[in-house]
There are 2 protein chains.
Amino acid sequence: MNGTKHEHDEDAAAALRQTSLRVTKQRVAVLDAVRDHPHADTETVIRSVRESLPAVSHQAVYDSLHTLTEVGLLRCIKPSGSVARYERRIGDNHHHLVCRSCSLIVDVDCTIGQAPCLTPSHDAGFVIDQAEVTFWGMCPDCTAAGAQLTGDDQFSAV
Amino acid sequence: MNGTKHEHDEDAAAALRQTSLRVTKQRVAVLDAVRDHPHADTETVIRSVRESLPAVSHQAVYDSLHTLTEVGLLRCIKPSGSVARYERRIGDNHHHLVCRSCSLIVDVDCTIGQAPCLTPSHDAGFVIDQAEVTFWGMCPDCTAAGAQLTGDDQFSAV
DNA sequence: CACTTTCCTTGACTCGTTCAAGAGAAGCAG
DNA sequence: CTGCTTCTCTTGAACGAGTCAAGGAAAGTG
């Protein structure tokens, strides 16, 4: 295992110093939590942060996630039917594969060429700045387990 | 103006009869409401339905939207930061352009070829059944008005 | 028309998220 | 190092889209 807790903290602190944000232990812990739990939801981040800082308020985590997303240190994704999830892989506009059964999210790189689907057939006069692609399906585990879609999944899916 | 209220009702009723669902005036009204308000949210559907059926409960509308989506008469979309929205254009897996400023949603047809982006660079073993593409940007009106993104928009956007 | 099954009404409730006020700490100037 | 200013965190209440549950109403069937 390379990458100690301390190195993570240093890395997170350095990232924070490059913004105009203050370096607080809460924010460092939130950045580390998201690094350790890819595509984590807020609840997971809160639990993870509390392992090192038992007294953090949920509001501090919400605030940190918002602020860090605003300055570009985190990216927020919200697949249909899911709560907000955060990731530290930013700046490459990669896309996501979401399991309809267990909500597992996996990163996928751009599909065709380097700017896939960035040109809709007509843009209706819009100034487009991002194309977000979400692939829906079943992850290997759920496929193997023969998982069936629940009514709710079907509803929120299509 | 072609397409009277009565014709719409007949059309909606016919669509319902092709499923195993009962034809109720609430469901007919919901179908008509979604036809009349493309990409309408639930609140809009409720208001629209109450123009002809003042006494419908919000629960009846929620139930109808769910059921109609399940049987494939409606499609539900939920862009990040937006509530659920419904549309009657189904079966062609078209995509959406969303204005970051006013939340206007516009349909766009498939982009490259007929099955755009349906093949991620690696599928991580997933069985993929749908690729959902959302284009984010600014609609013509907001661009002309020089609308700036609010902090909140920026947050939920990237 | 009577009966069965599905659907709608009513009203309470959940859960993720946000709001607001005041206490606390980060960073800077001296 | 010390005090000051400003930003950040804690506390606790509130919000809103959506859901749950029980009983009454209406659609479809024979």
Side-chain angles (χ1 to χ4, degrees), chain A residues 9 12-14 16-31 40-47 49-50 52-71 73 76-86 103 150-153 155-156, chain B residues 9 12-14 16-31 33 40-47 49-50 52-71 73-74 76-86 103 150-153 155-156:
Chain A
D9 285 0
L16 279 169
R17 265 184 227 103
Q18 289 187 348
T19 71
S20 55
L21 296 176
R22 291 189 179 169
V23 180
T24 66
K25 45 189 188 305
Q26 289 89 344
R27 283 176 181 162
V28 169
V30 166
L31 279 172
D41 59 19
T42 309
E43 185 55 33
T44 302
V45 174
I46 291 176
R47 272 204 309 275
V49 168
R50 283 185 177 157
S52 51
L53 292 171
V56 264
S57 61
H58 75 147
Q59 189 61 35
V61 174
Y62 273 101
D63 282 352
S64 298
L65 289 170
H66 283 216
T67 310
L68 295 171
T69 302
E70 257 172 57
V71 301
L73 290 181
C76 175
I77 53 179
K78 303 184 191 172
S80 288
S82 171
V83 296
R85 288 162 181 278
Y86 296 85
S103 295
T150 66
D152 203 57
D153 284 337
F155 167 63
S156 61
Chain B
D9 286 359
L16 280 168
R17 263 183 230 105
Q18 290 189 347
T19 70
S20 56
L21 297 176
R22 290 191 179 166
V23 180
T24 67
K25 45 189 188 304
Q26 290 88 343
R27 284 175 180 164
V28 169
V30 166
L31 280 172
D41 57 20
T42 309
E43 185 55 34
T44 302
V45 174
I46 291 176
R47 272 204 308 276
V49 168
R50 285 188 175 153
S52 51
L53 292 171
V56 265
S57 61
H58 76 146
Q59 190 61 34
V61 175
Y62 273 101
D63 281 351
S64 298
L65 289 171
H66 284 215
T67 310
L68 295 171
T69 301
E70 257 172 58
V71 299
L73 290 181
L74 293 180
C76 174
I77 54 179
K78 303 184 191 173
S80 289
S82 171
V83 296
R85 289 161 181 278
Y86 296 85
S103 294
T150 67
D152 204 56
D153 283 338
F155 167 64
S156 62

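Below, chains carry the letters A, B, ... as their sequence lines are ordered, and counting in each starts from 1.
Rounded to whole angstrom, the span from the CZ atom of B:R47 across to the P atom of D:dA17 amounts to 11 Å. Rounded to whole angstrom, the span from the OH atom of A:Y62 across to the C1' atom of D:dC15 amounts to 13 Å. Atoms CG (B:L65) and C1' (D:dT19) sit 14 Å apart, rounded to a whole Å. If you measure from atom NZ of A:K78 to atom P of C:dG16, you get 14 Å, rounded to the nearest angstrom. The distance between atom CD of B:E43 and atom C1' of D:dA17, rounded to the nearest whole Å, is 10 Å. Taking atom CD1 of residue A:I46 and atom P of nucleotide C:dT18, one finds them 12 Å apart after rounding to whole Å.
Overall, the helix from C:dC1-D:dG30 to C:dG30-D:dC1 carries an axis bend of 40° between its ends, with five pairs at each end and the value rounded to 10°.
Here the closest non-hydrogen pair linking A:V30 and A:S64 is CG2-CB, 3.9 Å. The two residues B:L16 and B:V28 come nearest to each other via the heavy atoms CD1-CG2, 3.9 Å. Closest approach of B:R27 to B:R22, counting heavy atoms only: NH1-O, 3.0 Å. Taking each heavy atom of B:S80 and A:K78 in turn, the nearest pair found is OG-CB, 3.6 Å. Taking every heavy atom of both residues into account, A:V45 and A:A40 meet most closely at CG2-CB, 3.9 Å.
Applying the 4.0 Å criterion to OP1 and OP2 of C:dT18, one finds that A:H66 has a side-chain N or O inside that range.
Checked by atom type and distance alone, the side chain of B:R17 never pairs as donor or acceptor with a backbone atom of B:V23 at under 3.5 Å.
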Extract from the structure each pairing of a protein N or O with an N or O of nucleotides 7-10 of chain D at less than 3.5 Å, listing the distance.
residue: D:dC7; atom: O4'; partner: A:R22; partner atom: NH1; Å: 3.3
residue: D:dC7; atom: O4'; partner: A:R22; partner atom: NH2; Å: 3.2
residue: D:dC7; atom: O2; partner: A:R22; partner atom: NH1; Å: 3.3
residue: D:dT8; atom: OP1; partner: A:R27; partner atom: NH1; Å: 2.8
residue: D:dT8; atom: OP1; partner: A:R27; partner atom: NH2; Å: 3.0
residue: D:dT8; atom: O5'; partner: A:R27; partner atom: NH2; Å: 3.1
residue: D:dC9; atom: OP1; partner: A:T24; partner atom: OG1; Å: 2.7
residue: D:dC9; atom: O3'; partner: A:Q26; partner atom: NE2; Å: 3.0
residue: D:dT10; atom: OP1; partner: A:A55; partner atom: O; Å: 3.4
residue: D:dT10; atom: OP2; partner: A:S57; partner atom: N; Å: 3.0
residue: D:dT10; atom: OP2; partner: A:S57; partner atom: OG; Å: 2.6

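When each of B:V23 and B:S82 is assigned the nucleotide of DNA chain D bearing its nearest heavy atom, the one mapping closer to the 5' terminus is B:S82.
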(request) List the steps and the verdict of side-chain contact (heavy atoms from CB on, under 4.5 Å) for A:L21 and A:L68. (result) CA-CA 9 Å; A:L21 296 176; A:L68 295 171; 4.3 Å; yes
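A heavy-atom distance below 4.5 Å is found between the side chains of B:T44 and B:R47. At a threshold of 4.5 Å between non-hydrogen side-chain atoms, the residues B:V61 and B:T42 count as touching.
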